[in-house]
2 protein chains.
Amino acid sequence: MPKGRKRQNRKRIGRWTAQRLAVLDEFLQGGEHLSARDVYQRLREKEINLGIATVYRSLDFLIEIGLLRQYDFGSGEAKYELNDDEADQHHHMVCRVCGKVINYSKFVKRGLSLVKDIKMELEKNYGFKINSHQFEFRGVCGVCGD
Amino acid sequence: MPKGRKRQNRKRIGRWTAQRLAVLDEFLQGGEHLSARDVYQRLREKEINLGIATVYRSLDFLIEIGLLRQYDFGSGEAKYELNDDEADQHHHMVCRVCGKVINYSKFVKRGLSLVKDIKMELEKNYGFKINSHQFEFRGVCGVCGD
DNA sequence: AAGCTAATGAGAAAGATTATCATTAGCAAT
DNA sequence: ATTGCTAATGATAATCTTTCTCATTAGCTT
C-alpha cells in the first residue's frame with residue numbers, strides 16, 4: 001500500500017522534456033509494472049540522473065495524457081504500466097507471498113461483454129461515468145507454494 | 001518481525017482480546033471500507049481508546065483469520081471490509097475525483113463462471129494457487145461529473 | 001533575443017504504516 | 001487464587017513512499 005499523501009491536482013498541459021521522454025522510454029523498452037524507484041534506478045544505471053521528484057512528476061504527467069496507468073498490488077509502492085486499449089487490457093495475478101505480478105490476457109474478450117453490461121448498469125443506476133476497469137487475482141505462485 | 005513457528009496446538013490462533021473485538025465490532029456495525037484511522041476515530045468517539053498501532057495490529061489479525069479483507073482504492077490509505085464469501089463477493093466502483101467507493105454486487109453470479117475458468121487457467125499454466133479475486137471500476141460519480 | 005512560465009533538482013515535510021520496548025493482561029497449570 | 005509464561009498493548013520513534021517548497025533552469029513564443 002503506497003504510504004504518503006494523496007496526489008494533488010495538477011495543471012493539464014505539459015511540455016515534452018528530456019526527462020519525461022526518458023521515463024516513458026523505460027516502459028517502451030519493455031519495463032513491466034515498474035515502481036517510481038525502479039524507474040529512478042534504471043535511469044541512474046544509464047547515467048541519466050533525474051531527481052526522484054521529477055520521476056514522480058513525469059509518471060503523473062504520462063498518466064494524465066493517457067500513456068501510463070497506475071496500479072497498486074499491495075507491495076507498499078505504486079506500480080506503473082503502459083496503458084493498453086480497453087479491448088486489449090490484461091488481468092493481473094499477484095503472489096501474496098513474494099509479490100510477483102503476472103500479466104495475463106486470456107479470456108479478456110470473453111469478459112468484455114460482462115464488463116460492458118456492468119458499466120451500463122453503473123452508469124444508469126448510480127450516475128457513474130466509467131473510465132476503466134481492472135481484474136485482479138491473488139494467490140500463491142508455484143515457487144512460493146509448497 | 002519473523003512469525004515464529006510455534007509448537008502445534010490451539011495457541012497458534014491468537015488471543016481474542018477486548019481491543020480486537022472492538023475493532024471487529026466497527027465492521028459488524030455496518031462500517032464499509034474503513035481505513036485504520038476511521039476505525040481509530042470511531043472507537044475514540046465511543047471513548048474506547050486503543051493506540052493506533054493496536055488498531056493496525058488488530059486489522060492484521062482479523063485479516064489473518066479471514067474475517068476482514070484489505071483494499072486499496074488509491075486514496076493513500078488502506079481500506080478494510082468484512083470478507084465476503086467468494087460467491088457473494090461484491091465489486092467496487094471508485095470515483096477518481098472524490099474517492100467515493102460504491103459496493104456493487106449485481107452480475108456477480110454471471111461473472112463466476114468466467115472467474116472459475118480464469119482460475120483454472122492460471123493454476124494449470126502458471127502454477128498459481130488462486131485465493132481471491134477483485135473487480136474494480138474507476139470513473140467519475142454523479143456528483144463530481146458535469 | 002527577450003520574456004514568460006512550466007519543469008527541474010535538492011531537500012524538507014507530510015502522512016501512513018511498522019518497529020521497538022517496557023508494561024499489561026489472557027490463559028494454563030499448579 | 002497464585003504463579004508463571006508469553007502474547008498483546010500503548011506510546012512513541014523510525015521508516016518509507018510520495019508530495020511540497022523554492023530557487024534555478026530550460027522550452028516556447030514572439
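Chain naming here is simple, since letters A, B, ... match the order of the sequence lines and numbering starts at 1 in each.
A close approach under 4.0 Å does occur between a side-chain nitrogen or oxygen of B:Gln19 and OP1 or OP2 of D:dG10. In terms of phosphate contacts, A:Thr17 brings no side-chain nitrogen or oxygen within less than 4.0 Å of OP1 or OP2 of D:dG27. Within the structure, a side-chain polar atom (N or O) of A:Tyr56 is placed less than 4.0 Å from OP1 or OP2 of D:dT18.
A heavy-atom distance below 4.5 Å is found between the side chains of B:Ile118 and A:His91.
Judged by distance alone, with hydrogens and angles left aside, the side-chain atoms of B:Arg20 form a donor-acceptor pair with the main-chain N or O of B:Arg15 at under 3.5 Å.
For the atom pair A:Phe135 CZ and A:His92 NE2, the distance stands at 13.0 Å (nearest 0.5 Å). From A:Phe27, atom CZ reaches atom CZ of A:Arg42 across 8.5 Å, with rounding to the nearest 0.5 Å.
Atom-to-atom, CD of B:Glu77 to C1' of D:dC16 comes out at 17 Å; the value is rounded to the nearest Å. Note: CG (B:Leu62) to C1' (D:dA8) measures 13 Å, nearest angstrom. Atom CZ of A:Phe61 is separated from atom P of C:dA6 by 14 Å (rounded to the nearest Å). A straight line from CD1 of B:Ile52 to C1' of D:dT12 spans 13 Å, rounded to a whole angstrom. When the P atom of C:dT18 is taken as reference, atom CG of B:Leu59 falls 10 Å away, rounded to whole Å. Atom C1' of nucleotide D:dT17 and atom CG of A:Asp60 are separated by 13 Å, given to the nearest angstrom. In this structure, the CZ atom of A:Arg20 is 11 Å from the P atom of C:dG9, given to the nearest Å. For A:Arg15 and D:dT25, the CZ to P distance is 16 Å, given to the nearest whole Å.
Across all strands shown, B:Arg57 has heavy atoms under 4.0 Å from base atoms, whether or not it also approaches the sugar-phosphate.
Between B:Asp117 and A:Arg110, at least one side-chain nitrogen of the basic residue sits less than 4.0 Å from a carboxylate oxygen of the acidic one, meeting the salt-bridge criterion. Ion pair A:Glu121/A:Lys119 not flagged as a salt bridge, since none of the NZ, NE, NH1 or NH2 atoms sits closer than 4.0 Å to an Asp/Glu carboxylate oxygen. A salt bridge is defined here as a Lys NZ or Arg NE, NH1 or NH2 lying under 4.0 Å from an Asp or Glu carboxylate O, and B:Lys46 with B:Glu26 meets this definition.
The stretch residues 37-51 of chain B touches DNA chain D through B:Asn49, B:Leu50, B:Gly51, each having a heavy atom within less than 4.0 Å of the strand.
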Next item on the list: Give the C-alpha distance, both sets of side-chain angles, the deciding distance and a yes or no for ring-ring contact (aromatic ring centres under 6.0 Å, His included) between A:Tyr126 and B:Tyr104.
Entry: CA-CA 10 Å; A:Tyr126 294 89; B:Tyr104 176 75; 5.7 Å; yes
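Side-chain contact check for A:Glu81 and A:His90: at least one donor-acceptor pair (N or O, by modelled atom type) lies under 3.5 Å.
A rotation axis mapping the C1' atoms of four pairs onto the next four is fitted at both ends of the helix from C:dA1-D:dT30 to C:dT30-D:dA1 over five pairs, and the angle between these axes is 40° to 10 degrees.
Comparing B:Ser35 and A:Ala53 by the nucleotide of DNA chain C whose heavy atom lies nearest to each, the residue mapping closer to the 5' end is A:Ala53.
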